[in-house]
Trainee: 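I'd like to ask some things about the structure below.
Owing to the predicted nature of the structure, the values given are computational and were not obtained by experimental measurement. Lettering follows sequence order; numbering is per chain, from 1.
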Number of protein chains: 2
Amino acid sequence: MNVTGHTRRPASIRDVATAAGVSYQTVSRVINGHPSVKPTTRDRVLAAIDELGFRRNATALALASGRSRAVTVLTANTTHYGYASILQGIEESARAASYAVGIGVLESADEAAVAAEVQRAADAGGGLIVIAYDPAGVRALGAVPAELPVVGVVETPASPPGGDRPWVWTDDREAAYEATRHLLSLGHETVHYVAIPSSTRRTSARTSGWRQALKEAGAPEPRPVQGSWGPAGGHTAGLQLARNPAVTAILCGNDDLALGVLRALHEAGRSVPGDVSVAGFDDAPHSAFLTPSLTTVRLDFTGLGRAAFALLHGVLEEAAQIAPHPVSVPELVVRESSGPPPAGA
Amino acid sequence: MNVTGHTRRPASIRDVATAAGVSYQTVSRVINGHPSVKPTTRDRVLAAIDELGFRRNATALALASGRSRAVTVLTANTTHYGYASILQGIEESARAASYAVGIGVLESADEAAVAAEVQRAADAGGGLIVIAYDPAGVRALGAVPAELPVVGVVETPASPPGGDRPWVWTDDREAAYEATRHLLSLGHETVHYVAIPSSTRRTSARTSGWRQALKEAGAPEPRPVQGSWGPAGGHTAGLQLARNPAVTAILCGNDDLALGVLRALHEAGRSVPGDVSVAGFDDAPHSAFLTPSLTTVRLDFTGLGRAAFALLHGVLEEAAQIAPHPVSVPELVVRESSGPPPAGA
DNA sequence: GACCCCAATGTGACCGGTCACAATCCTGGC
DNA sequence: GCCAGGATTGTGACCGGTCACATTGGGGTC
């Protein structure tokens, strides 16, 4: 360890080289684990490295070699549970692989703004992971230049927005299908749906899973209510649905939405699950502790993030053991907010 | 724009130079806005830049100049509301200043693990922002080498863990004080406290604000109940408090904790605010939509993040207009979960 | 018309690594 | 005892920028 105090510039490989009495190239070989270095020499170099507290300069490495061991995550949001968990999963495995993680937030879905963000991310070097659950993300994924290594975390793999690139996804369709079936199986005539904003013009995977379950059961298909991402949107949608006495079951695009719906029903004087059943999506940490606790579908966002990184890692290094389809299985969690419809209905 | 298709290596300043018939240094001057370049020349260079689609290589810039326009945020968590919001605030202003944002998660508070993370962050170059609301963060802040530009987001500015470095903080003490006073003013004999884990051994700012309010009112000071960060911890603590019929008011270290407490009280058959009043901390997005909606203290985490970045920015560049004490003012938000104590009490 | 000065531009070295290739050292085979 | 050939090690150039300094070209001033 360097105890001399004068820690001016950090030591470079040439400093280490002179200290060990070898050439800088030999030092380079040692830190890269190159086989043909005489053990004696290696030890001398390692001693010098330790003595000078040498650390390989990541910037220089990136410049000289081209590879940068870095991922930039492009996302429209960092605070929502799902997004944050994906990010956490990415960071976790990136750290394990000693990759640096950068983030870029897509504040607006505006074409120019998105393009600028993608550019910035590209400038950072390394790989890219784009969370494409929303219009901004989808647009960003599409704006990534073809030569850049990128993995998309997408809502649904069908009809890729950005060509044939690697994606990961959760089976939202199946998840929505199961949740809807659960509600129907309790005896509800049909299930209403409060949607999160769709990432594209097309019908979202969640919506189509819900629709399929209704169709299979021969249940009437009400028009989905458009929500936003947060509880406020759910609240608005919930007030609207609460006015309709025929509504006895509501599936929500995510748990925050469900929270808002729960509140709206309470304000409208309709009890849950006595009058109306509510189910959410994601199993956010607080959902189990609501009153009533929320029936929801648990999605493994962290695992999704890990899978995304693994995929990117495979693309960036040929040590690629890419899991073919890293789809995690959604799990229905039944809690207090769902039950049979009221006797009269 | 480059339309030739063959986008091999991106253009460098030397490519631009030959294209414009000048030396690379002149190109460098143009992209840096150096004054002494003849307008004619500048235009020629700009044309070449546009033609070749040149973008300055951030890595090379960092290596050659030393400055890297990057911040790394070190945090123990990315999913909790407060942390995520701070991160969002940082990213927001970093983007505005065209700084890259990196994140490093302190998964364990273990000394060696923390030191490793700090090292990694240091290797990334640029500045550092450490969120030091918890033991891992505090330890990380302490482990940052003196020569590294760093800003700490700390719980309380007194008795700095890392020497006399720049920090930002919110006035948690005042916030807790106000919340407690609010509950006392409703007529409660005293206020119980469910604490978030303290960042240090010492009494946290929130705890001491609560204590002060009690003392001033001459109210008895019950022992704080130790919670965790999430709803589960609040639930456990809440069940414990619910057993004590004397408890009529509970202040919680954050809204997630309060959520758990609310649930526990419900399970114990104690109504809120009829039997017990509950107040939280942070004003998370869902708190307004709980049933009952949560009385809490709103803290401007995003603003805190912005302030942290501004401070760091000032340290990194002498264009430093550092706001002296970027303390945002907490605001009490009274909702349904707090009210007068039951008549009999 | 000589001289000086400053605006405008170019040259070489350097940041801290890597890569490709050259040079040296040993060691065994004949 | 000589030489081939692999094991070790060293040299020079380069990645794409910046920095410090040298060089050129006019436009005053006297």
Trainee: Quick check: closest heavy atoms across A:S23 and A:A17, and the distance to 0.1 Å?
Mentor: C-CB, 3.6 Å
Trainee: At under 4.0 Å, does any side-chain N or O of B:S23 touch on OP1 or OP2 of C:dG10?
Mentor: yes
Trainee: Regarding D:dG10, can its base be found pairing with the side chain of A:R29 as donor and acceptor, where the two atoms are less than 3.5 Å apart?
Mentor: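 Between D:dG10 and A:R29, which were checked side chain against base, a qualifying N/O pair under 3.5 Å is present.
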Trainee: Would you mind reading off the distance between B:L52 atom CG and D:dG17 atom P, rounded to a whole angstrom?
Mentor: 12 Å
Trainee: In this structure, how many angstroms lie between the P atom of D:dT8 and the CG atom of A:D43, rounded?
Mentor: 13 Å
Trainee: State, without any angle test, whether A:T75 and A:N77 hold a side-chain donor-acceptor pair at a distance under 3.5 Å.
Mentor: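 A:N77 and A:T75 do not have a side-chain donor-acceptor pair below 3.5 Å.
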Trainee: Of all the nucleotides listed (C:dT18, D:dT9, C:dT11), which has the minimum atom distance to the side chain of A:T26?
Mentor: D:dT9
Trainee: Which pair of heavy atoms, one from B:R120 and one from A:Y99, lies closest together, and at what distance?
Mentor: NH2-O, 2.8 Å
Trainee: For B:R56, report the nucleic acid contact type (base, sugar-phosphate, nothing); a contact means any heavy atom under 4.0 Å.
Mentor: sugar-phosphate
Trainee: Assess whether a salt bridge exists between B:E51 and B:R44, defined as any Lys/Arg side-chain N lying under 4.0 Å from an Asp/Glu carboxylate O.
Mentor: no
Trainee: B:R55 CZ to D:dG17 C1': how many Å, rounded?
Mentor: 15 Å
Trainee: To the nearest 0.5 Å, how far apart are NE2 in A:H34 and CZ in A:R42?
Mentor: 10.0 Å
Trainee: State which of D:dT9, C:dG12, C:dG16 makes the closest approach to the side chain of B:Q25.
Mentor: C:dG12
Trainee: Under 4.0 Å between any heavy atoms, over every strand shown, what does B:L63 touch: base, sugar-phosphate, or nothing? Just pick one.
Mentor: base
Trainee: NA contact type, A:R14, heavy-atom cut-off 4.0 Å: base, sugar-phosphate, or nothing?
Mentor: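 A:R14: base contact, heavy atoms under 4.0 Å.
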Trainee: What residues, two or more places apart in sequence or in another chain, satisfy salt bridge (charged side-chain N to carboxylate O under 4.0 Å, His left out) together with B:D15?
Mentor: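 For B:D15 there are no salt bridge (charged side-chain N to carboxylate O under 4.0 Å, His left out) partners, ignoring immediate neighbours.
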Trainee: When the distance from CZ of A:R42 to P of D:dT8 is rounded to whole Å, what number comes out?
Mentor: 9 Å
Trainee: Does a side-chain N or O from B:N57 land closer than 4.0 Å to OP1 or OP2 of D:dC15, or not?
Mentor: no
Trainee: To the nearest Å, how far apart are A:H34 NE2 and C:dG17 P?
Mentor: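 For the pair A:H34 NE2 and C:dG17 P, the rounded distance is 18 Å.
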Trainee: So if I take every side-chain heavy atom of A:A64 and compare against D:dG10, C:dA8, C:dG17, which nucleotide ends up nearest?
Mentor: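 So the nucleotide nearest the side chain must be C:dG17.
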Trainee: Return the angle between end axes of the helix from C:dG1-D:dC30 to C:dC30-D:dG1, with five pairs used per end and rounding to 10°.
Mentor: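 For the helix from C:dG1-D:dC30 to C:dC30-D:dG1, the axes at opposite ends meet at about 50°.
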Trainee: If only side-chain N and O atoms of A:S28 are considered, is one of them under 4.0 Å from the OP1 or OP2 phosphate oxygen of C:dT18?
Mentor: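 So the side chain of A:S28 is within the cut-off, an N or O lying under 4.0 Å from OP1 or OP2 of C:dT18.
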Trainee: Of B:A60 and B:V37, whose closest DNA chain C nucleotide lies nearer the 5' terminus?
Mentor: B:V37
Trainee: Tell me: CG of A:L61 to P of D:dC14, nearest whole Å?
Mentor: 20 Å
Trainee: Rounded to the nearest Å, what distance is computed from the CG atom of residue A:N32 to the P atom of nucleotide C:dG17?
Mentor: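 In whole Å, C:dG17 P lies 11 Å from A:N32 CG.
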Trainee: So do B:L61 and B:N57 actually touch side chain to side chain, heavy atoms under 4.5 Å?
Mentor: no
Trainee: What's B:T41 touching, base or sugar-phosphate or nothing? Going by heavy atoms closer than 4.0 Å.
Mentor: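 The answer is sugar-phosphate, as B:T41 gets under 4.0 Å only of primed atoms, P, OP1 or OP2.
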Trainee: Identify whether any heavy atom of B:R67 sits under 4.0 Å from a base atom; if not, whether one sits that close to sugar-phosphate; answer base, sugar-phosphate or nothing.
Mentor: sugar-phosphate
Trainee: Rounded to whole Å, how long is the line connecting atom CZ of B:F54 with atom P of D:dC15?
Mentor: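 Rounded to whole Å, this separation is 14 Å.
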Trainee: Mapping B:Y24 and A:Y24 onto DNA chain C by nearest heavy atom, which one lands closer to the 5' end?
Mentor: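 It is B:Y24, whose closest nucleotide lies nearer the 5' terminus.
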Trainee: Heavy atoms only, 4.0 Å cut-off, all strands: where does A:S12 land among base, sugar-phosphate and nothing?
Mentor: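 It contacts sugar-phosphate atoms only.
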Trainee: Is B:Q88 reaching over with its side chain to a backbone N or O of A:T79, donor-acceptor style, under 3.5 angstrom?
Mentor: no
